[in-house]
J.: 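The structure is given below, and queries will be raised subsequently.
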There are 2 protein chains.
Amino acid sequence: MIEFPPESRPKLIACNVPDMVPTVPVSVDLVVLTVRSQALCALVWRRDHPPYTGCWALSGGFIKLDEDLPAAAERVLAERAGLPGAPVHLEQLQTYGYPDRDPRERVVSVAYLGLAPDLPASTEAHMSWRAVAELTEMAFDHRRIMLDGIERARAKLEYTSLGAAFCPPEFTVADLRRVYEIVWGRPLDPRNFHRKVTKAEGFLLPTSHTTTRDGGRPAKLYRRGPAELLHPPMLRSLKE
Amino acid sequence: MIEFPPESRPKLIACNVPDMVPTVPVSVDLVVLTVRSQALCALVWRRDHPPYTGCWALSGGFIKLDEDLPAAAERVLAERAGLPGAPVHLEQLQTYGYPDRDPRERVVSVAYLGLAPDLPASTEAHMSWRAVAELTEMAFDHRRIMLDGIERARAKLEYTSLGAAFCPPEFTVADLRRVYEIVWGRPLDPRNFHRKVTKAEGFLLPTSHTTTRDGGRPAKLYRRGPAELLHPPMLRSLKE
DNA sequence: TAAATAGTGTCTATTAGACAGTATCGT
DNA sequence: ACGATACTGTCTAATAGACACTATTTA
C-alpha cells in the first residue's frame with residue numbers, strides 16, 4: 001500500500017462523479033449480549049434527549065478521522081459501553097445505511113456484535129443489562145440491529161466455540177450448556193451435551209479445579225480451548 | 001419512524017462531540033462470483049488510471065445522498081458491473097474502513113457479495129471474468145475483500161441452497177455438483193451428492209424437461225426450490 | 001439416609017461415505 | 001455392441017437422540 005501523510009493526500013476523484021462525492025457520518029453501534037439471570041440480555045442505555053427520548057438504545061459513537069473500524073468498536077466498548085478492557089468478543093455484524101434511520105441526518109452505522117460474560121453494567125456510563133425479550137421499544141433501528149445480532153449469536157454457537165465467550169474464564173460444562181439453552185431458547189440433554197463438548201477437539205481445556213456446590217457432585221472446571229470452529233457443528237435440530 | 005423532509009432535518013448533535021463529527025465518503029464494492037470454464041471467477045476490471053494503474057479491481061461506486069445501501073449495490077451492479085437486471089444474488093458481505101485503504105482519501109467501503117450464473121461480461125463496462133486463483137495483484141484491499149467473499153460463498157454452500165444461484169434457471173444435479181466441486185475445490189461423489197440434494201426438502205423443484213447430451217443418459221432438469229436453509233447442512237468433511 | 005448435580009455407558013434410528021449395479025442416451 | 005453419463009440400491013462406520021446408571025457432594 002502506498003503511504004501518504006494525511007495532510008498531503010490527493011483528494012479523491014471518482015470516475016463518474018468528479019465533483020460531487022457525498023460524505024456521511026459513520027458510527028459504530030454495539031450489540032453486546034450476555035447471559036444472566038436465566039435470560040439473554042443486551043447492554044443498553046435509556047435515552048434522555050431527543051430523538052427517541054426514553055427509549056432504550058445500543059451504545060454507539062462516531063468514528064474518528066483516522067480510526068480503524070475495529071479500533072472504534074473497542075473505543076465505544078470502553079468509553080460508551082463502560083467496559084474498558086473487559087474480555088468481550090467483538091466481531092463486525094452488519095452495516096445499516098437506510099437514509100432515514102436517524103431522523104436528524106443520514107448516518108451509516110457499522111454494527112458490531114459483542115459476546116460477554118456476566119459483567120456488572122457500568123452505572124457511570126448509565127448502561128444496564130436488559131432481557132432482550134423485553135426490549136421491544138428501542139431507538140432508531142436498534143431493535144432490528146439487536147435481533148440481527150441475536151440471530152448471528154445463535155448461528156455461531158452451532159459451528160464455533162463462541163459459547164464460551166459468555167462464560168467466565170473458568171466454567172463448567174453445565175454453565176456452558178445453560179448458555180446454549182438460553183441463547184437457543186430450548187432445553188438440551190445434559191448427558192449428550194456433555195459428551196459432545198468434551199469430545200470436540202480443542203473446545204474445552206481441562207483444569208485441575210472443581211466447583212463447590214450446595215449439593216451435588218462438584219463439577220470440573222474448564223477453560224476455553226484453542227479451537228474456533230467446531231467439527232462437526234452442534235446443530236440445533238428442527239424438532240420442537 | 002419520524003419523518004423529516006430532507007431539507008428540514010436538524011443537524012446531528014453527537015453527545016460527546018457536539019462540534020466535530022467527521023464525515024467520510026462511503027462506497028459499495030461488489031465481489032461478483034461465478035463458475036465458468038471449470039473455475040471460480042470474479043468480475044473485475046483493469047484500472048487505467050492511478051492509483052493502482054493496471055491492477056484488477058472490483059466494481060464499485062459511491063453511495064448517493066439519499067440512497068439505501070442495497071439500492072446502491074443494485075445500481076453498481078447495473079451501471080458499473082454491467083449486469084442490469086441480471087439474476088444475481090446480492091448480500092452484504094462486510095465493511096472495510098481502514099483509514100489508508102484508499103491512498104487518496106479515507107473511504108469506508110461496504111462490500112457486497114454477488115453470486116451469478118455464467119453470464120457474458122459486459123465489454124461496454126470493461127468488465128471481465130477472471131479465475132480467482134489468478135487474481136493475485138489487485139487494487140486497494142480488493143484481494144482481501146474478494147477472499148472474504150469467497151470464504152463466505154464456500155460457507156454458504158454448506159447450509160443454504162445458494163449453490164443454485166451459480167446455475168442457470170434450469171439445471172441438472174450434475175451442474176449443481178460441479179458448482180460445489182469448483183467452489184470447494186474438491187471432488188464429490190456424484191451418487192451421494194445426488195441422493196443428498198434430491199432428498200433435501202425444498203432445494204430442487206423437478207421440471208418435466210431433460211437435457212440432450214453428446215452421450216450418456218439425459219439428465220432431469222430442476223429449478224431452484226423455495227428452501228433457503230438446508231437441514232441438515234451439506235458439510236464439507238475435514239478429510240483431505 | 002435422601003436430594004441434587006456430575007458424569008459414563010448403551011441402545012437405536014439416522015446419516016455420510018464408499019461403491020456395485022442398473023438405466024438410457026449417442027455412435 | 002460400447003462408451004458415457006444419469007440414477008438407484010446396499011453396505012458400513014459414525015453420529016445424534018434417548019435414557020439407564022454410577023459418582024460425589026450437601027443437608
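Here is how names work: the chains are called A, B, and so on, in the same order as the sequence lines, proteins then strands, and each is numbered from 1. No experiment lies behind these values; they were computed from the predicted model shown.
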J.: Calculate the interatomic distance between Leu188(A) atom CG and dC19(D) atom C1'; express it in whole Å.
T.: 16 Å
J.: For His194(B) and dG9(D), what is the distance between atoms NE2 and P respectively, to the nearest whole Å?
T.: 11 Å
J.: Does Ala116(A) offer a backbone N or O that forms a donor-acceptor pair with the side chain of Thr34(A) under 3.5 Å?
T.: yes
J.: Checking contacts here: which listed nucleotide (dT25(D), dG7(C), dG17(D)) is nearest the side-chain heavy atoms of Ala219(A)?
T.: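 Output: dG7(C).
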J.: How long is the line joining CG of Asn192(B) and P of dT12(D), in whole Å?
T.: 16 Å
J.: Within this structure, what is the CZ-to-P distance between Arg177(B) and dA6(D), rounded to whole angstrom?
T.: 7 Å
J.: Is Lys196(B) near enough to dA16(C) that one of its side-chain N or O atoms lies under 4.0 angstrom from OP1 or OP2?
T.: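 So the side chain of Lys196(B) is within the cut-off, an N or O lying under 4.0 Å from OP1 or OP2 of dA16(C).
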J.: Let me spell it out: for each of Arg191(A) and Tyr222(B), pick the nucleotide of DNA chain D with the closest heavy atom. Which residue's pick is nearer the 5' end?
T.: Tyr222(B)
J.: Figure out the CZ/C1' separation between Arg178(B) and dA6(D), and round it to whole Å.
T.: 11 Å
J.: Measure CG/Asp189(A) against P/dT15(D) and give the value in whole Å, please.
T.: 18 Å
J.: Is the backbone of Phe140(B) close enough, under 3.5 Å, to the side chain of Arg101(B) for a donor and an acceptor to pair up by distance?
T.: no
J.: Do any side-chain atoms of residues 152-168 of chain B form donor-acceptor pairs under 3.5 angstrom with protein atoms, and if so which ones, sequence neighbours left out?
T.:
| from | atom 1 | to | atom 2 | distance (Å) |
| --- | --- | --- | --- | --- |
| Arg152(B) | NH1 | Glu91(B) | OE2 | 2.7 |
| Arg152(B) | NH1 | Gln92(B) | O | 3.2 |
| Arg152(B) | NH2 | Leu93(B) | O | 2.7 |
| Arg154(B) | NE | Val183(B) | O | 2.8 |
| Lys156(B) | NZ | Glu91(B) | OE1 | 3.2 |
| Glu158(B) | OE2 | Arg236(B) | N | 2.9 |
| Glu158(B) | OE2 | Arg236(B) | NE | 3.1 |
| Thr160(B) | OG1 | Lys156(B) | O | 2.6 |
| Thr160(B) | OG1 | Leu162(B) | N | 3.2 |
| Ser161(B) | OG | Ala227(B) | O | 2.6 |

J.: Quickly work out the Arg195(B) CZ to dC7(D) P distance and round it to whole Å.
T.: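 Spelled out: CZ on Arg195(B) to P on dC7(D) is 15 Å.
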J.: Can you find a side-chain donor-acceptor pair between Tyr96(B) and Asp148(B) that sits under 3.5 Å?
T.: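 Indeed, the side chains of Tyr96(B) and Asp148(B) share at least one donor-acceptor pair under 3.5 Å.
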J.: For the side chain of Arg217(B), counting heavy atoms from C-beta on, which of dA6(C), dC7(D), dA18(D) is nearest?
T.: dC7(D)
J.: Could you check Pro190(A) against Gly216(A) and say which one's nearest nucleotide on DNA chain C is further toward the 5' end?
T.: Gly216(A)
J.: Between atom NZ in Lys199(B) and atom P in dG17(C), what is the gap in whole Å?
T.: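 Rounded to the whole Å, the gap is 14 Å.
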